[in-house]
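Here is the structure we will look at.
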Amino acid sequence: MHHIIAGAFRYRTNADKKIEQLKLKGFNPSYIGTNPFGLYLVAYDSFTDSNKALEALREIKRTQKDAWLKSGH
């Protein structure tokens, strides 16, 4: 899977708030676990196709500067 990350949060409640904000903006967000530092990761969306993920990342970065791609499970 390829995830377009919206943010990494120390507290799960903040991750949940970000998910709700992204839903209101029309994204398909999800909580995708924690990183090695224990921060909760929230994705704008997730893709199985790397080309579609890169295309979506370019589109998101037009308005959201703090987005990055993470490949993983």
Side-chain angles (χ1 to χ4, degrees):
M1 289 295 288
H2 306 282
H3 310 282
I4 301 173
I5 305 299
F9 302 89
R10 181 170 309 278
Y11 302 106
R12 177 70 188 253
T13 54
N14 291 339
D16 292 340
K17 286 179 192 176
K18 186 66 171 181
I19 287 173
E20 291 306 314
Q21 291 170 355
L22 294 175
K23 283 180 183 176
L24 291 174
K25 291 182 179 182
F27 292 103
N28 184 32
S30 62
Y31 165 73
I32 60 163
T34 56
N35 68 11
F37 304 103
L39 300 176
Y40 297 94
L41 297 174
V42 172
Y44 284 99
D45 207 339
S46 298
F47 301 85
T48 55
D49 183 302
S50 61
N51 290 325
K52 288 183 180 179
L54 287 171
E55 183 179 312
L57 177 63
R58 282 192 286 274
E59 185 65 32
I60 288 169
K61 286 186 80 65
R62 289 181 181 184
T63 59
Q64 312 296 316
K65 302 303 179 203
D66 295 329
W68 69 95
L69 190 62
K70 177 185 183 308
S71 295
H73 302 40

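The model shown is predicted, which means the values in this text are computed figures rather than measured ones.
Note: Asp66 CG to Ile60 CD1 = 12.5 Å, rounded to the nearest 0.5 Å. Note that the CG atom of Asn28 and the OH atom of Tyr44 stand 13.5 Å from one another [nearest 0.5 Å].
Sorted by first then second residue, the side chain to side chain donor-acceptor pair (under 3.5 Å) pairs that include residues 4-19, not counting sequence neighbours, are Arg12-Asp16. For residues 24-53, no residue pair satisfies the salt bridge (charged side-chain N to carboxylate O under 4.0 Å, His left out) rule, not counting sequence neighbours.
For the pair His2 and Ser71, the tightest heavy-atom approach, listed with the atom from each and the gap, is ND1-OG, 2.8 Å.
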Donor-acceptor pairs under 3.5 angstrom involving side-chain atoms of residues 31-43: please list them, not counting sequence neighbours.
from	atom 1	to	atom 2	distance (Å)
Asn35	OD1	Phe37	N	2.9
Asn35	OD1	Gly38	N	3.1
Asn35	OD1	Leu39	N	3.0

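Scanning for side-chain contact (heavy atoms from CB on, under 4.5 Å) contacts around Lys65 gives an empty result, with sequence neighbours left out. Applying the ring-ring contact (aromatic ring centres under 6.0 Å, His included) test to Phe9 and every residue at least two apart in sequence or in another chain returns nothing. Residues meeting the ring-ring contact (aromatic ring centres under 6.0 Å, His included) test with Phe47, sequence neighbours left out: none.
For the pair His3/Leu69, no side-chain contact is recorded, criterion being any heavy-atom separation below 4.5 Å from C-beta on. Counting heavy atoms from C-beta on, the side chains of Phe27 and Ile4 never come closer than 4.5 Å.
No donor-acceptor pair under 3.5 Å is formed between the side chain of Lys23 and the backbone N or O of Pro29.
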